[in-house]
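Data block below; observations after.
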Amino acid sequence: MVMFSSPIFQMLERGLDATALKQKTITDNLANINTPNYKAKKVEFQTVLDGSLTAYRTSSRHVPFSTSGGQSMALIRDSSTMMNNNGNNVDLDKEMADLAKNQILNQALVQRLNGKFNSLQMVIKGGK
C-alpha cells in the first residue's frame, strides 16, 4: 500500500527492526554471562539509523540523500576484552544500561508510529 511506503513509515519500521535485533543480542549476552569463552555481541545500527534520520529530497532539484534500504545492521562480536577469568567478556552493568537505552529508543519509535496512525485515523474520520 502506497500510504505505508512513505519514507517515515519505512524509517520507523527499520528502527523498530533494529531495536528488536539489539534486544535479542542483549538477552543472548545476558543468557551467556557465565558461559566460558563467550564473547559479547553488539549491534551496530546507530550509524544506519542516523543515516536514515538525515533528510530526504523534497524537490527533484535537491542533491539526493542516501536512503537506501540496502544497509544492514552489523552484528559484531567483541573479542578484544576479557572481563572474567573464564574468557567471558559480558559486562552485566553495560548490558543492563544498553537494555534500558534500547527500550527507551523502542518506546520513542512506537510512540512516533502511533502518532502517524492517529493522524491517518483522524484524516479517515474527516477530522472528528
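Just so you know, these numbers use all the heavy atoms, side chains as well, and skip hydrogens, waters and symmetry mates.
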On a heavy-atom basis, which atom in Val90 and which in Ala40 lie closest, and how many Å separate them?
CG2-CB, 4.1 Å
Using the rule that Ile, Leu, Val, Met, Phe, Trp and Tyr join whenever any side-chain heavy atoms are under 4.5 Å apart, tell me whether Ile104 and Leu113 fall into a single cluster.
no
Once rounded to the nearest 0.5 Å, what's the spacing between atom NZ of Lys101 and atom CE of Met96?
14.5 Å
Quick one: pull up CG in Leu92 and NZ in Lys94 and give me the separation to the nearest 0.5 Å.
11.5 Å
Could you go step by step and tell me if Asn118 and Met122 meet the side-chain contact (heavy atoms from CB on, under 4.5 Å) rule?
CA-CA 6 Å; Asn118 287 337; Met122 183 176 285; over 6 Å; no
Could you pull out all donor-acceptor pairs under 3.5 Å where a side-chain atom in residues 24-39 meets a protein atom, sequence neighbours excluded?
| residue | atom | partner | partner atom | Å |
| --- | --- | --- | --- | --- |
| Lys24 | NZ | Asp28 | OD2 | 3.1 |
| Thr25 | OG1 | Leu21 | O | 2.8 |
| Thr27 | OG1 | Gln23 | O | 3.1 |
| Thr27 | OG1 | Lys24 | O | 2.9 |
| Asn29 | OD1 | Tyr38 | OH | 2.9 |
| Asn29 | OD1 | Lys41 | N | 3.0 |
| Asn29 | ND2 | Lys41 | O | 2.7 |
| Asn29 | ND2 | Glu95 | OE1 | 3.4 |
| Asn29 | ND2 | Glu95 | OE2 | 3.4 |
| Asn32 | OD1 | Thr35 | OG1 | 3.2 |
| Asn32 | ND2 | Asp28 | O | 2.9 |
| Lys39 | NZ | Gly87 | O | 2.6 |

From Lys22 NZ over to Gln103 CD, what is the distance, rounded to the nearest 0.5 angstrom?
12.0 Å
Mind checking the CG-CG spacing from Asn106 to Leu99? Nearest 0.5 Å is all I need.
10.5 Å
Has the side chain of Asp78 got a donor or acceptor atom that lies under 3.5 Å from a matching backbone atom of Lys42?
no
How many angstroms lie between atom NZ of Lys116 and atom CD of Gln121, to the nearest 0.5 angstrom?
14.5 Å
Taking atom CD of Glu13 and atom CD1 of Ile8, what is their separation to the nearest 0.5 Å?
13.5 Å
